[in-house]
S.K.: 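Structure below; questions to follow.
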Amino acid sequence: MIHSKPSYVPLAWDTEGASHLLVAHAGGGEALLRLLDSGRYASITVRYAGEPFDNADYAARLARAAPEAFQYFDSVEAMLDALRADLATSRMGLRLYLAGSERFLWRATGIATAAGLCADEIRREQAGSRARAVYCVHCKNIEPQVTTNILTCPGCARTLMVRDHYSARLAAYMGFQVDAEAPGAIPAVETLYA
């Protein structure tokens, strides 16, 4: 087992929370709908940013599920700015529920921990694409949507192997030059993270 590789579980309410902030991106809307269907709490805020190519209409369904608490954002960046504002005015007892791509989950987690939330106050569910963000250890480029075990780094043109070693700080998996010790010995490219 690789200890740095995150594991995720379906979102579930933390009954110890005094208030609940639900934040999702794209396919994460389905996880929020499932959570809202499982019960209700008095103090809920729902934030959602979709994708233009997303065929599922999670925004409309979330708006119907929590009409008084729902806010839609045109971009992830705008939603993350709203998350910063929410956390700046939050009180003790807040529970944060995140659902979406792995990169989104860890970008939002970074914002939450910088605002003072601890690990026990944050729930995460990976939803949608399993594409990985890959950090090139050679040139520090981050390629956000990698679905294969091998890629050519757009920053330095090295052929990288995508490792299971994950950096929560960078919100990316590590990519190392695959043929550093045996130039030209490159394994077959496989789609592993679709």
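Just so you know, these numbers come straight off a predicted model, no measurement behind them.
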S.K.: Find out whether P154 and N141 are in side-chain contact, i.e. whether some heavy atom of one side chain is under 4.5 Å from a heavy atom of the other.
M.R.: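 Side chain of P154 against side chain of N141, heavy atoms only: contact under 4.5 Å found.
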S.K.: Could you list all the ring pair (Phe, Tyr, Trp, His ring centres under 6.0 Å) pairs where at least one residue sits in residues 127-157, not counting sequence neighbours?
M.R.: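 Listed once each, the pairs would be none.
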S.K.: Are W106 and Y193 connected, step by step, through hydrophobic side chains (Ile, Leu, Val, Met, Phe, Trp, Tyr) whose heavy atoms are closer than 4.5 Å?
M.R.: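 Yes, same cluster.
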S.K.: Kindly work out whether a path of hydrophobic side-chain contacts (I/L/V/M/F/W/Y, heavy atoms less than 4.5 Å apart) joins I186 to M174.
M.R.: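 No: no chain of side-chain contacts under 4.5 Å links I186 to M174.
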S.K.: Would the distance check show the side chain of D179 and the main-chain N or O of G184 forming a donor-acceptor pair, the cut-off being under 3.5 Å?
M.R.: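 A pair under 3.5 Å: yes.
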S.K.: Hydrophobic cluster membership, with links at side-chain heavy-atom distances under 4.5 Å among I/L/V/M/F/W/Y: are L117 and L105 in one?
M.R.: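 As far as the 4.5 Å side-chain criterion goes, L105 and L117 are connected within one cluster.
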S.K.: Does E143 reach the side chain of C136, with side-chain heavy atoms less than 4.5 Å apart?
M.R.: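 A side-chain contact under 4.5 Å is absent here.
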S.K.: What residues, two or more places apart in sequence or in another chain, satisfy side chain to side chain donor-acceptor pair (under 3.5 Å) together with Q126?
M.R.: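 None.
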S.K.: Honestly curious: do L170 and F104 fall in one hydrophobic cluster under the side-chain, below-4.5 Å linking rule?
M.R.: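 No, separate clusters.
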S.K.: State whether the number of non-hydrogen atoms from other residues, nucleotides or ligands found under 6.0 Å of E30 atom CD is greater than 12.
M.R.: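 12 or below, so no.
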S.K.: Charged N to carboxylate O under 4.0 angstrom, D81 versus R84?
M.R.: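 A salt bridge is present here (some side-chain N lies under 4.0 Å from a carboxylate O).
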S.K.: If we only count heavy atoms from C-beta on, is the R91 to S19 side-chain gap below 4.5 Å?
M.R.: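 A side-chain contact is absent here, since even the closest heavy-atom pair is not under 4.5 Å.
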S.K.: Closer than 3.5 angstrom, by distance alone: can the side chain of E125 be matched with the main-chain N or O of L11 as a donor-acceptor pair?
M.R.: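 Yes: the side chain of E125 pairs with the backbone of L11.
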S.K.: To check you understand the geometry: which heavy-atom pair defines the closest contact between T152 and A157, and what is its length?
M.R.: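 Reported closest heavy-atom pair: CG2-O, 3.8 Å.
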S.K.: Going by heavy atoms in the side chains, are D86 and R47 under 4.5 Å from each other?
M.R.: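 Yes, at least one pair of side-chain atoms sits under 4.5 Å.
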S.K.: Can you check whether L96 reaches L83 side chain to side chain, under 4.5 Å on heavy atoms?
M.R.: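 Touching, per the 4.5 Å side-chain cut-off.
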S.K.: Do D14 and Y97 touch side chain to side chain, with heavy atoms closer than 4.5 Å?
M.R.: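 Heavy-atom side-chain distance check passes, below 4.5 Å.
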S.K.: Out of curiosity, T15 OG1 to H20 NE2, how far, rounded to the nearest 0.5 Å?
M.R.: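 Those atoms lie 8.5 Å apart.
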S.K.: For a quick test of reading the model, state the closest non-hydrogen atom pair linking A65 to L33 and the distance between them.
M.R.: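 Smallest interatomic distance, heavy atoms only, reads CB-CD2, 4.1 Å.
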S.K.: Please say whether more than 12 non-hydrogen atoms of neighbouring residues, nucleotides or ligands are located less than 6.0 Å from CD in E68.
M.R.: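 Yes - once you tally the heavy atoms of other residues, nucleotides and ligands closer than 6.0 Å, there are more than 12.
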S.K.: Looking only at non-hydrogen atoms, find the nearest pair between A69 and I44 and report the distance.
M.R.: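 Shortest heavy-atom contact: CB-O, 3.0 Å.
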S.K.: With clusters defined by side-chain heavy atoms of hydrophobic residues (ILVMFWY) lying less than 4.5 Å apart, directly or transitively, does L98 cluster with I111?
M.R.: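 I111 clusters together with L98.
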S.K.: Mark yes or no: R95 above the aromatic ring of W13, with NZ or CZ under 6.0 Å from the six-membered ring centre and no more than 45 degrees from the axis.
M.R.: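 No - R95 does not lie over the ring of W13 by the 6.0 Å and 45° rule.
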S.K.: Which word best sums up how the rings of Y48 and Y72 line up, parallel for under 30°, tilted for 30 to 60°, or perpendicular for over 60°?
M.R.: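 Aromatic pair Y48/Y72 classed tilted.
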S.K.: Between the side chain of R132 and the main-chain N/O of V146, is any donor-acceptor distance below 3.5 Å?
M.R.: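 Not at all, since once roles are kept as given, no pair shorter than 3.5 Å links the two residues.
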S.K.: Specify the closest pair of heavy atoms between S129 and Q145, including all atoms of both residues, with the distance to one decimal.
M.R.: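 Closest pair (atom of S129, atom of Q145, distance): OG-OE1, 4.2 Å.
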S.K.: For the backbone of K5 and the side chain of D164, can you confirm whether one donor and one acceptor N or O come within less than 3.5 Å of each other?
M.R.: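 No, D164 side chain to K5 backbone: no donor-acceptor pair under 3.5 Å.
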S.K.: Does a side-chain heavy-atom distance below 4.5 Å link R107 with H25?
M.R.: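 No - every pair of side-chain heavy atoms lies 4.5 Å or more apart.
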S.K.: For a side-chain contact (heavy atoms from CB on, under 4.5 Å) with T159, tell me which candidate from L151, V189, V178 qualifies.
M.R.: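 Answer after filtering L151, V189, V178: V178.
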S.K.: To the nearest 0.5 Å, tell me how far L192 CG sits from T147 OG1.
M.R.: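 Answer rounded to 0.5 Å: 8.5 Å.
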S.K.: What is the minimum heavy-atom distance between A24 and L32, and which atoms define it?
M.R.: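 Scanning both residues completely, I find the closest heavy atoms to be CB-CD1, 3.4 Å.
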S.K.: Check the side chains of E102 and Y173 for a donor-acceptor pair under 3.5 angstrom, ignoring hydrogens and angles.
M.R.: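 E102 and Y173 do have a side-chain donor-acceptor pair below 3.5 Å.
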S.K.: For residues A133 and R103, report the shortest heavy-atom separation together with the two atoms involved.
M.R.: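 For A133 versus R103, the nearest heavy atoms are CB-CD, 3.6 Å.
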